[in-house]
Amino acid sequence: QVHIGESGGGLVQPGGSLRLSCAASGFTLDYPVIAWFRQTPGKEREGVSCISSSASSIVYADSVKGRFTISRDNAKNMVYLQMNNLKPEDTAVYYCAAQAYPSAWCGFGFYEYDYWGQGTRVAVSS
């Protein structure tokens, strides 16, 4: 049975940092593609970053390049999103999503992801 869940959200001042964690386990095949999406009220869910099964492919949204870093520890079934220099516009609910199968590539196609966590809230405010 697949389990996927996020942790690490919270309230932080502009310029601060947070690290989100995604725990993903129970997949038939190891090391699924993982992505982080975020959503604010009234807006569509947008891709933030994704990482392929062996981390050979990593993609960032333009809005977070140079500030966010995605990584994975396959031995622990964990994916992390280190967020630095946070801005008020980063405020959102962040979701971890996983594809059912491993792949050497990743992207932000919403319908490519089969499993979604419940989300963790990030608020950036002074």
Nearest heavy-atom approach of C50 to A35 is CB-CB, 3.7 Å
Find the distance between OH (Y80) and CZ (R19) and round it off to the nearest 0.5 Å. 5.0 Å
Within the supplied structure, the quantity of interest is the number of heavy atoms (other residues, nucleotides, ligands) at a distance under 6.0 Å from Y101 OH; does it exceed 12? no
Specify the closest pair of heavy atoms between W36 and S21, including all atoms of both residues, with the distance to one decimal. CH2-O, 3.6 Å
With a sphere of 6.0 Å drawn around CD of E44, does it hold more than 12 non-hydrogen atoms of other residues, nucleotides or ligands? no
How far apart are the closest heavy atoms of P32 and S53, and which atoms are they? C-OG, 4.1 Å
Where do F27 and Y115 land on the ring-ring contact (aromatic ring centres under 6.0 Å, His included) test, with the steps shown first? CA-CA 10 Å; F27 291 84; Y115 303 97; 5.5 Å; yes
With hydrophobic residues grouped by side-chain heavy-atom distances under 4.5 Å, do I58 and V48 end up in a single group? yes
Compare all side-chain heavy atoms of F68 with those of L86 and state whether any distance is below 4.5 angstrom. yes
Look at the side chain of D114 and the backbone N and O of A100, then say whether any donor-acceptor pair between them is shorter than 3.5 Å. yes
Please answer: with hydrophobic residues joined when any side-chain heavy atoms are less than 4.5 Å apart, are V12 and Y94 in the same cluster? yes
Should V79 and V93 be regarded as members of a common hydrophobic cluster, given that ILVMFWY residues are connected when their side-chain heavy atoms come within less than 4.5 Å of each other, either directly or indirectly? no
Please name the pair of heavy atoms, one in S17 and one in N84, separated by the smallest distance, quoted to 0.1 Å. OG-OD1, 2.9 Å
If the plane angle is over 60° it's perpendicular, under 30° parallel, otherwise tilted; pick one for F37 and F108. perpendicular
In Å, rounded to the nearest 0.5 Å, how long is the span from OG1 of T40 to CZ of R45? 11.0 Å
With rounding to the nearest 0.5 Å, note down the distance linking CD in Q118 to OH in Y95. 9.5 Å
Nearest heavy-atom approach of R72 to V33 is NH1-CA, 4.4 Å
Would you compute the distance between atom NZ of K76 and atom OG of S25 and round it to the nearest 0.5 angstrom? 15.0 Å
Does one hydrophobic cluster hold both L18 and I70, with members joined at side-chain heavy-atom distances below 4.5 Å? yes
What are the two closest non-hydrogen atoms of A98 and I34, and how far apart are they? CB-CD1, 3.5 Å
Matching residue for R38 among T120, L20, V64, L81 - test: side-chain contact (heavy atoms from CB on, under 4.5 Å): V64
Step-by-step side-chain contact (heavy atoms from CB on, under 4.5 Å) determination, L11 to S125: CA-CA 7 Å; L11 174 64; S125 175; 4.3 Å; yes
Answer yes when D90 and K87 have at least one side-chain N-carboxylate O distance shorter than 4.0 Å, and no when they do not. no
Hey, could you give me the CH2/OG distance between W105 and S52, rounded to the nearest 0.5 Å? 8.5 Å
To the nearest 0.5 Å, what is the distance between CD (E112) and OG (S103)? 8.5 Å
